[in-house]
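Structure record follows, encoded as structure tokens.
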Amino acid sequence: MKPKKVVVVGGVAGGASAAARLRRLDEDMKIVLLERGEHISYANCGLPYYIGGIIEDKEDLLVQTPEDMRQRFNIDIRVNNEVLNIHADKKQVEVQNKITGQKYLESYDKLILSPGAEPLRPPIPGIEGENIFTLRNVRDTFRIADYIGENKCSNAVVVGGGFIGLEMAENLHHRGLSVTLVEMADQVMAPLDYEMAAIIHGYLKTMGIELILKDGVKAFGEEEGCVLVELQSGTRLKTDLVILAIGVRPETALAKGAGLDIGETGGIKVNKHLQTSNPHIYAVGDAVEVLDFINGSPALIPLAGPANKQGRIAANNICGIEDTYKATQGTSIVKLFDITAASTGNNEKTLKKFNIPHQCCHIHSPSHATYYPGASTMAIKLLFSPEDGQVLGAQIVGHEGVDKRIDVLATAIRGRMTVYDLQELELAYAPPYSSAKDPVNMAGYVASNTLMGHHPTIQWYEIDDLNKEQTLILDTRTREEYSMGAIPGSINIPVDELRQNFDSIAHQKDKDIVVYCRSGQRSYIATRMLMQKGFKNVRNLSGGYLTWSIAKK
């Protein structure tokens, strides 16, 4: 039997989507949406771009106003109304109107929780300073933008190299501020593996962003109206303002107070129908624990797309339409000035953590036909199963065409496709958009050759562990390229001269032979030559000198 009244706690992606879907399915249902803030649906991912002046009008951040949603969907929307407690035994929530201070009880037949995730604010001395900000909602955005303008800020420190931290660094730079980004890990953008993130490191520096890695904040102080940021290393940074972007955690206070089960990751535990441990209470969005699509383990993956889908699925189940949320694969993308970084599925770090067998390949492919003006190189890392070639993850960094390639690979992962399937994909081609062999096809070809034994590879991080006495490192680039930088201990025989020089290296047939070129393509040809001429232990450096040199900087 359909419930007569549903209360939704929290708007934005999950809650607002659930409320709208409930109305589309049941015109007579009483729907109450309680939101402690003043906005119920806003462009969360667009907030940094207002601070940077890319989005100029405040109103453009508001996807749906309370008034418009009330009018269109006939929903009882109460902004500035915060739920304090859930009385699950009585099927009531205790609410406080933040404007009047009045408290009241609201009954429900079914309850949907969409409290989201809150920015982390660890107990660092001085963290409550007035010029130390976090960014979560529209109000935070306006506070930061107004503070910069009113105080004529000229510099900023961003703490944290995740999505928000990187986007804030870019947009503060657009605003005219000098920016220092501090990250405790050895890389920015955790969904990427190190060698892919290293591309971003170099690029940020060229854009004038000072990047401090492997260093965390010890304390905040004040000096002449500025923030004094003291790092663990002893470095002291004096700045006009600080943006904290060190991560988020699910808001679970209401769920815990109601006695709902909390998962091992700290998120609200839900079943495949998004029901909590109380069958009358559902939960969606950044606060819930999901299953990782690749490794099957519980995870927290706070993304807008999954939150919207979960809101719809919860509403379907409440209205008697059986629907399930299967898992999250973590497809994400970020723009940084004029480059784009994207990932989907599991990275190599995660696959190793869960002891999942995998292989990977790197390619550096043009975004479209090179004879058509404007082509740029994109770096692609593909992770796949050594048993059947199933695609497990992908990462791309480049200037153009990254978004459509990551979406193709995300679809391939969701469809449980293999690297052999990637070879067969028929993708749109015209010179301004792609090549006859799209970069996705090329990644499939390289991975398939590896699995079939035609193309044994070695990864950049394995080079240092080679036994130099038992290994021949062969650089197949031109002599000019070789003179501009090479892997230590390598010898240079350009690929087009290799056939004429077999005799000069024939005595090293039984050695381990590592072949490389700029990106891996010429050295693949050399690998095939050597393997067919009796050289036994030949491996091509995946991604070539380009990947190795970026990662080793």
Which pair of non-hydrogen atoms, one from [X] and one from [Y], has the smallest distance, and what is that distance?
X: R121; Y: I127; answer: NH2-O, 2.7 Å
X: L336; Y: Y203; answer: O-CE2, 3.4 Å
X: V182; Y: L231; answer: CG1-CD2, 4.0 Å
X: Y282; Y: I318; answer: CE1-CG1, 3.5 Å
X: T328; Y: P306; answer: CG2-CG, 3.9 Å
X: E183; Y: G161; answer: OE1-N, 2.7 Å

Before accepting this row, confirm whether a basic side-chain N of the pair [X]/[Y] lies closer than 4.0 Å to the acidic partner's carboxylate O.
X: D407; Y: K404; answer: no
X: E210; Y: K205; answer: no
X: D76; Y: R78; answer: yes
X: K335; Y: E167; answer: no
X: R36; Y: E251; answer: yes
X: E118; Y: R136; answer: no

Determine whether [X] and [Y] make a side-chain contact, defined as any pair of heavy atoms from C-beta on separated by less than 4.5 Å.
X: M189; Y: V334; result: yes
X: I148; Y: D146; result: no
X: L213; Y: H201; result: yes
X: S542; Y: W460; result: no
X: N347; Y: Q395; result: yes
X: V408; Y: L422; result: no
X: L260; Y: L113; result: yes
X: L291; Y: K326; result: no

Would the distance check show the side chain of [X] and the main-chain N or O of [Y] forming a donor-acceptor pair, the cut-off being under 3.5 Å?
X: R23; Y: N74; result: yes
X: S17; Y: A13; result: yes
X: T340; Y: V402; result: no
X: Q232; Y: G216; result: no
X: K309; Y: G311; result: no
X: N317; Y: D323; result: yes
X: Q329; Y: T331; result: no
X: D240; Y: S154; result: yes
X: Y50; Y: V138; result: no
X: E289; Y: E264; result: yes

Please determine whether the number of non-hydrogen atoms from other residues, nucleotides or ligands lying under 6.0 Å from atom [atom1] of [X] exceeds 12.
X: Y433; atom1: OH; value: no
X: K437; atom1: NZ; value: no
X: R24; atom1: CZ; value: yes
X: R70; atom1: CZ; value: yes
X: E426; atom1: CD; value: no
X: Q71; atom1: CD; value: no
X: K98; atom1: NZ; value: yes
X: K349; atom1: NZ; value: yes

Evaluate the side-chain hydrogen bond (donor to acceptor under 3.5 Å, both in side chains) criterion for residues H364 and T547: first the C-alpha distance (whole Å), next the side-chain angles of each, then the deciding distance (0.1 Å), finally the verdict.
-> CA-CA 9 Å; H364 298 274; T547 294; 2.8 Å; yes

Test log, rule side-chain contact (heavy atoms from CB on, under 4.5 Å), inputs I77 and V79 | CA-CA 6 Å; I77 296 174; V79 295; 4.3 Å; yes

The residue among L383, D193, N295 that forms side chain to side chain contact (heavy atoms under 4.5 Å, CB included) with L351 is L383

By salt bridge (Lys or Arg N to Asp or Glu O under 4.0 Å) - contacts of D286 (at least two apart) | none

Residues forming a salt bridge (Lys or Arg N to Asp or Glu O under 4.0 Å) with K552, sequence neighbours excluded = D464

I339 and V397: side-chain contact (heavy atoms from CB on, under 4.5 Å), yes or no, with the steps?
-> CA-CA 7 Å; I339 69 164; V397 181; 4.3 Å; yes

Show your reasoning for whether side-chain contact (heavy atoms from CB on, under 4.5 Å) applies to M207 and E170.
-> CA-CA 9 Å; M207 297 306 296; E170 176 195 3; over 6 Å; no

Which pairs count as ring pair (Phe, Tyr, Trp, His ring centres under 6.0 Å) when at least one residue sits in residues 146-172, sequence neighbours excluded?
-> F133-Y147

Are R312 and Y325 in a cation-pi contact, defined as NZ or CZ under 6.0 Å from the six-membered ring centre and within 45° of the axis?
-> no

Decide whether a cation-pi geometry holds between K352 and Y461; the criteria are a distance under 6.0 Å from NZ or CZ to the six-membered ring centre and an angle within 45° of the ring axis.
-> yes

Rounded distance (nearest 0.5 Å) linking atom CG of L166 with atom CG of N171 | 11.0 Å

Output for pair (S297 OG, F354 CZ), nearest 0.5 Å, gives 3.5 Å

Are F337 and H174 close enough that their ring centers fall under 6.0 Å?
-> yes

Kindly determine whether S434 and R405 satisfy side-chain hydrogen bond (donor to acceptor under 3.5 Å, both in side chains), including the steps that lead there.
-> CA-CA 10 Å; S434 184; R405 272 59 181 232; 3.3 Å; yes

Checking side-chain contact (heavy atoms from CB on, under 4.5 Å) for the pair I200/L192: CA distance, chi angles, key distance, verdict?
-> CA-CA 10 Å; I200 299 173; L192 298 183; 3.6 Å; yes

